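Keep in mind the model is a prediction, meaning the values are calculated, not measured.
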Amino acid sequence: MTTIEATKKLAQAWPLVIALAAIVGCSSGYSSGEKLAPVTGTVTVNGKPMAGINVMFEPVESGGASRGTTDDEGKFEVYFTLNEKGAIPGKHHVQFELKGEGVDPNLIPKKYAFGSPGIDAEVKPEGPNDFNFDLTK
C-alpha cells in the first residue's frame, strides 16, 4: 500500500473516529454504582448564612464521603462523585470547612471542622434529607 492509499483510507475512517469520540465523550459520566439518596440543606454560622462552606457527609460505616459547598444563602447539595448527586444512606458524621482567599478559617468552630467528630446525621434512603446546620461557638 502506498502512502497516498494509506492517507485516503485514514481520511475515509476519520468520520467514524469523530463519531466514536462523540459517543464516548457524551457517556463518560462515571457511575460509582452506589445507591444514593439526595441530600440538601442550609448552613448558618451563628444564625447567618455563609457562602463557601465545604460540607462533607462521611459515612459512619464503610463507603465514600459526599461533599457540597454553600452558596450565598448558605444552601448546599452534596455530590458523591462529580456526576452523582447524593450520599450513601445511613449514619454520617457531617463536617465543615471554610477556605478561600481573604476568609478566616476559624469562623467554623473546631468542634464542626474537618477532622472533628462533627455533627451526626441520618441519611434516609427515601428522603427527605434536607438538613439545617447552625454552627455556633
Let me see the working for H92 and D120 under side chain to side chain donor-acceptor pair (under 3.5 Å), right down to the final yes or no.
CA-CA 6 Å; H92 290 256; D120 291 335; over 6 Å; no
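- Nearest heavy-atom pair, P49 versus D72, reported as atom, atom and distance to 0.1 Å: CB-O, 4.2 Å.
- By the rule that hydrophobic residues join a cluster once side-chain heavy atoms approach within less than 4.5 Å of another member, V60 and V123 end up as members of separate clusters.
- A donor-acceptor pair under 3.5 Å is absent between the side-chain atoms of S66 and the main chain of V78, judged by distance alone.
- Side-chain atoms of L135 and T44, non-hydrogen and from C-beta on, never get closer than 4.5 Å to each other.
- By the 4.0 Å N-to-carboxylate-O rule, E61 lies too far from K91 to be salt-bridged with it.
- The CZ atom of F114 sits 5.0 Å away from the CZ atom of R67 when rounded to the nearest 0.5 Å.
- Under a 3.5 Å cut-off, the side chain of Q95 and the backbone N or O of S116 do form a donor-acceptor pair.
- When each of V43, L107, I108 is paired with M50, the side-chain contact (heavy atoms from CB on, under 4.5 Å) condition holds for L107 and for no other.
- With ring centers used as reference points, F96 lies under 6.0 Å from F133.
- Aromatic ring centroids of F131 and F76 lie 6.0 Å or more apart.
- Note that CG of N106 and CG of L98 are 9.5 Å apart. Values are rounded to the nearest 0.5 Å.
- Residues satisfying the side chain to side chain donor-acceptor pair (under 3.5 Å) test with N46, not counting sequence neighbours, are none.
- Residues P59 and A65 share a closest heavy-atom pair of CD-CA, 3.9 Å.
- The local environment of NZ in K111 is crowded, with over 12 non-hydrogen atoms from other residues, nucleotides or ligands closer than 6.0 Å.
- Across V94 and A121, no two heavy atoms sit closer than the pair CG2-CB, 3.7 Å.
- In this structure, I119 CD1 and Y112 OH are separated by 5.5 Å, a value rounded to the nearest 0.5 Å.
- Interatomic distance, L36 CG to E84 CD, rounded to the nearest 0.5 Å: 5.5 Å.
- Checking V55, N129, D130 one by one against V39, the side-chain contact (heavy atoms from CB on, under 4.5 Å) holds for a single residue, N129.
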Evaluate the criterion side chain to side chain contact (heavy atoms under 4.5 Å, CB included) for residue pair E97 and K99; output intermediate values, then yes/no.
CA-CA 6 Å; E97 179 180 51; K99 280 190 167 182; 3.2 Å; yes
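- Taking both residues in full, the closest heavy atoms of A37 and P125 are given as CB-O, 3.7 Å, listed atom of the first, atom of the second, then distance.
- Surrounding NZ of K137 are more than 12 heavy atoms belonging to other residues, nucleotides or ligands, all under 6.0 Å away.
- A distance of 3.5 Å separates OG1 of T42 from NZ of K75, quoted to the nearest 0.5 Å.
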